[in-house]
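First comes the structure, then the notes that go with it.
As a basis for the values below, the full set of heavy atoms in this structure was taken, side chains included, without hydrogen atoms, waters or symmetry mates. In this chain, numbering begins with 1 at the start of the sequence shown. Here the structure is a predicted model, which means the values were calculated and not measured.
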Amino acid sequence: MNKLLVFLFLITGLSYGQNFQVHSHNDYAQDVPFWKAFSAGCASIESDLILQNGKLMVAHNVPDIKAVNTFENLYLKPLQVIMNSEQYEAFDLQILIDFKTAAEPTLKVLMAQLEKYPELINGKNAAKKVSFVISGKRPEAEQYENYPSYINFDHQTVDTWPTNMDKVALVSLPFYKYTPWNGKGRLTSGDEAKLKTVIDQIHAKGKKVRFWATPDSKTAWYTLSKLGIDFINTDEPFACNAYLATLSERLVPRVEKDEATFKMPAAKFQQAAVILMVGDGTGLAQISAGILSQKTPLNLARIKSIGLIKTEAADDFTTDSAAGGTALATGKKTNNRYIGLDAEGKELLTIFDAAEAANYSTGIVTTDGIAGATPSAFYAHAADRDSSKKIGDYLLKSQMDIFIAGGGKAFKNTKWENRKIVSSISEIGTTSDAKVGFFAADGGLPYITEGRGNYLPKATMEALNFLEKKNKPFTLLIENGHIDGSGHANKAKALAAEVRDFDKAIGLVMQYVDSHPETLLIITADHETGGVTLPHGTKDEMEVQFHSDDHTGILVPLFAYGKGAEKLQGIYDNTEVYQRMVEFINAHK
Ligand SMILES: [Zn+2]
């Protein structure tokens, strides 16, 4: 098999049977006619047809005719293949034939030819349907019913209708008759109303609708599908099908504020604290998705000190969470995959070391495993973020006072020397042990959209109460690792929900800061994930698009609240976050 055939075989195997009502306009002009549209998942394929010397030739104009491009070669033979091959189990395909020559003689030759392919016209295979619809030069509407059942017609007006509507397969109209819209921005409300009226009129007759000469872009496909147009006209069958097939996954509802808010108890003690909240993978578009998907303002939106940070790694334009976490935790740029080491591999002091030296307590709350790249950058040192045994050994030795995280399986048989591993999160509030840990899951915690519930706000509150009771200053890292996960997985609904969940925890910490004025809260990210954009939306939903399934180099926002927050305004490197935290600790011993 040559490469092209292998390629077609593979993608056809994946996508045939999908039916997203995409119409491959002027399909014969594609580099691979029929197969490209079919394998992309098109429900309708258009072929121009010219009757020349008794033969049906596929071309737009007579001078374009090539001897090999007969209707039989380009369409009937491939249709016969898909009809007879077990490879293709089900499809419902419309072949829209645009007659360029007179209706009667062209139809006569077409019917004679179709009779030679009985499996395409006898309708015997219920799972595999092909319909032939005549467009372009058609007979008079009142003549439609004189043609056999396998021939139907594309009606092209809403002003008159034939008596026998059964022979009308769909209605096609020129887009420019209703609007000059070029597919950028949005339709005027007047043009939108005109289109809706005519679409409703056609649907009221029980018929499907297509417009030709439509703009061909993501914005156009989104708008046309929202208008309820049945066949979306395109010259880009792959891009259009891929876009529309996944559109519903990317549409995020714009919701009322989630219920279940916690309130921090009144302040019992006063001590300084620096709290770093990391939304792993949270760029400006992720923040926007959180803010714009909730109809009431996020807690985060009350913060006035805002900065932008550069996340580049020592050895790569785009950082991973290991180098990104290390920069935040140690103030040094390092190589991707390195945890708590400089670019030469030397162990670095972390913000927890600085805090503990200044008699601060330390702690970590994360939705990730405790040995995940971001949390481990605060207590471990390894040349590979996946050295879980090595990172685990550092955790055992760590002086941190509390951790609440996933990833318990790796520590199932661990004997903890100086730490009580509690078996429920509420036990953190009652234990008299000085150092505690809680594993909320054996592996990773689920997404908020898959049942994580109020884990993150609850864990945040338990950690703050535990550290406050020690009546000494503290440093706490709180991470939502699932914003990064939803970026990698291109899960739009999860992404918005994860940012809103992160914001619940942010709200609690802001309450804490309000009652503990010697506290600095920093909310930022290690990098952006997913190359997210928010191109479209309505009052009730918005589309989240992903440019990537990996990290990007775009700057990430930083929000600072509380004591010294104004020092974090501006544009700077991620390493400066560490510098500001150390300054704070040294000034508030
Ligand atoms: Zn990531």
When you look at Glu115 and Gln113, which way does the side chain to side chain donor-acceptor pair (under 3.5 Å) test go after all the steps? CA-CA 5 Å; Glu115 302 283 349; Gln113 200 155 76; over 6 Å; no
How about [X]: does its [atom1] atom have over 12 heavy atoms from other parts shown lying under 6.0 Å from it?
| X | atom1 | result |
| --- | --- | --- |
| Ile554 | CD1 | no |
| His547 | NE2 | no |
| Lys55 | NZ | no |
| Glu140 | CD | no |

Indicate, with yes or no, if the rings of [X] and [Y] have centres closer together than 6.0 Å.
| X | Y | result |
| --- | --- | --- |
| Trp161 | His155 | yes |
| Tyr88 | Phe38 | yes |
| Phe211 | Tyr178 | yes |
| Tyr243 | Tyr222 | no |

Residues which pass side chain to side chain contact (heavy atoms under 4.5 Å, CB included) with Lys207, listed by chain and number, not counting sequence neighbours: Met165, Val168, Val171, Ile202, Lys205
Taking the side chain from [X] and the backbone from [Y], do they hold a donor-acceptor pair closer than 3.5 Å?
| X | Y | value |
| --- | --- | --- |
| Thr246 | Glu249 | no |
| Asn73 | Val68 | yes |
| Glu498 | Ile448 | yes |
| Asn299 | Asp503 | yes |
| Asn164 | Asp166 | yes |
| His488 | Asp549 | yes |
| Thr367 | Gly481 | yes |
| Thr533 | Pro535 | no |
| Asn336 | Asp320 | yes |
| Lys167 | Asn152 | no |

Tyr117 and Glu72: side chain to side chain donor-acceptor pair (under 3.5 Å), yes or no, with the steps? CA-CA 10 Å; Tyr117 294 84; Glu72 191 163 27; 2.7 Å; yes
Mind checking the [atom1]-[atom2] spacing from [X] to [Y]? Nearest 0.5 Å is all I need.
| X | Y | atom1 | atom2 | result |
| --- | --- | --- | --- | --- |
| Lys177 | Leu195 | NZ | CG | 11.5 Å |
| Ile232 | Asp216 | CD1 | CG | 10.0 Å |
| His527 | Thr374 | NE2 | OG1 | 6.0 Å |

Determine, stepwise, if the pair Thr179 / Lys194 fulfils side chain to side chain contact (heavy atoms under 4.5 Å, CB included). CA-CA 8 Å; Thr179 174; Lys194 272 196 265 177; over 6 Å; no
In sequence, state the C-alpha distance, the side-chain angles, and the governing distance for Arg337 and Asp386, and then conclude on salt bridge (Lys or Arg N to Asp or Glu O under 4.0 Å). CA-CA 8 Å; Arg337 304 201 70 83; Asp386 289 335; 2.7 Å; yes
Which pairs count as ring pair (Phe, Tyr, Trp, His ring centres under 6.0 Å) when at least one residue sits in residues 44-73, sequence neighbours excluded? Phe71-Tyr75
Assess whether a salt bridge exists between Lys137 and Asp98, defined as any Lys/Arg side-chain N lying under 4.0 Å from an Asp/Glu carboxylate O.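 Judged by the 4.0 Å cut-off on N to carboxylate O distance, Lys137 and Asp98 do not form a salt bridge.
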Under 3.5 Å, is there a donor on one side chain and an acceptor on the other for Glu543 and Gln545? yes
Does the structure place the NZ or CZ of Arg138 under 6.0 Å from the centre of the six-membered ring of Tyr144, at an angle of no more than 45° from the ring's axis? no
Could you give me the CA-CA distance, side-chain angles and deciding distance for Ser293 and Arg254, then say whether side chain to side chain donor-acceptor pair (under 3.5 Å) is met? CA-CA 4 Å; Ser293 67; Arg254 304 179 71 179; over 6 Å; no
Asn241 versus Gly41, closest heavy-atom pair with distance: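 In terms of heavy atoms, the two residues are closest at OD1-O, 3.3 Å.
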